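Owing to the predicted nature of the structure, the values given are computational and were not obtained by experimental measurement.
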Amino acid sequence: EVGLVESGGGLVQAGGSLRLSCAASGSSIDDYAIYWFRQAPGEEREGVSCISGLDGSTRYADSVKDRFTISSDSAKNTVYLQMNSLKPEDTAVYYCAAPFRLVSCSNLDLYEYNYYWGQGTQVAVSS
């Protein structure tokens, strides 16, 4: 089992940047694939990005490709999501999550696995 805590959200103007952190406890992030999901008001939660401790694979949603970068720091047991060129449509609560078992980042499907979840961090992008 792994505990996940997100931080780094906030309010930023369009075109700005934020870096989200997902700090893990109880287990090593190298033993999991760490996903970022987001949920805007009235919308379904959607997959944003993933990094896998199994094979180092990463994956991005088309909507964030070339703007967001996921990375991990094993020494800090933390996964980061660097978000650049932010748009108002990126406004959402961002959650990190880890499937119960170690997987490769083959997709960003919310319903593919059972996940451990963090509590979320709010990102708001003003126009």
Problem set entry | Cluster check F68, I70: I/L/V/M/F/W/Y, side chain < 4.5 angstrom | yes
Exercise. Which heavy atom in V64 sits nearest to a heavy atom in V48, and how many Å separate them?
Worked result: CG2-O, 3.7 Å
Exercise. So, for Y115 and Y35, is the gap between ring centers shorter than 6.0 Å?
Worked result: yes
Problem set entry | Ion pair check, D62 and K65, cut-off under 4.0 Å | yes
Exercise. Taking everything shown except Q119 itself, do over 12 heavy atoms lie less than 6.0 Å from its CD?
Worked result: yes
For this session: Mind listing the closest non-hydrogen atom pair of Y94 and D90 along with its distance?
Result: OH-O, 2.6 Å
Exercise. Could you state the interatomic distance from CZ (R59) to CD1 (I51), rounded to the nearest 0.5 Å?
Worked result: 13.0 Å
Seminar exercise, completed: In this structure, OH of Y116 is separated from SG of C96 (nearest 0.5 Å) by 14.0 Å
Exercise. Atom CG of L81 and atom OG1 of T121: how far apart are they, to the nearest 0.5 Å?
Worked result: 11.0 Å
Problem set entry | Spatial distance of atom CD1 (I34) from atom OG (S72) [nearest 0.5 Å] | 9.0 Å
For this session: Please answer: with hydrophobic residues joined when any side-chain heavy atoms are less than 4.5 Å apart, are L86 and V93 in the same cluster?
Result: no
Report, one line per pair, each donor and acceptor closer than 3.5 Å where one atom sits in a side chain of residues 97-108; sequence neighbours left out.
from: S104; atom 1: OG; to: D55; atom 2: OD2; distance (Å): 2.7
from: S104; atom 1: OG; to: S57; atom 2: OG; distance (Å): 3.2
from: N107; atom 1: OD1; to: D109; atom 2: N; distance (Å): 2.9

Problem set entry | Interatomic spacing from CG in L110 to CD in Q39 - rounded to 0.5 Å | 8.5 Å
Problem set entry | Contacts of E112 that satisfy salt bridge (charged side-chain N to carboxylate O under 4.0 Å, His left out) - sequence neighbours left out | none
Exercise. Nearest heavy-atom pair of Y60 and T69: which atoms, and what distance?
Worked result: OH-CA, 3.4 Å
Exercise. What do you reckon, are the aromatic ring centroids of W117 and F37 less than 6.0 Å apart?
Worked result: yes
Review item, side-chain donor-acceptor pairs of residues 15-28, under 3.5 Å, at least two apart:
from: S17; atom 1: OG; to: N84; atom 2: OD1; distance (Å): 2.9
from: S27; atom 1: OG; to: E1; atom 2: O; distance (Å): 2.8
from: S28; atom 1: OG; to: D30; atom 2: N; distance (Å): 3.0

Problem set entry | Contact summary for V79 and I29, nearest pair of heavy atoms | CG2-CD1, 4.1 Å
Exercise. What is the distance from atom OG of S85 to atom CZ of R67, rounded to the nearest 0.5 Å?
Worked result: 7.0 Å
Problem set entry | Stacked cation flag R38 on Y95, 6.0 angstrom / 45 deg | no
For this session: Keeping the roles fixed (side chain from T78, backbone from K76), state whether a donor-acceptor pair exists under 3.5 Å.
Result: yes
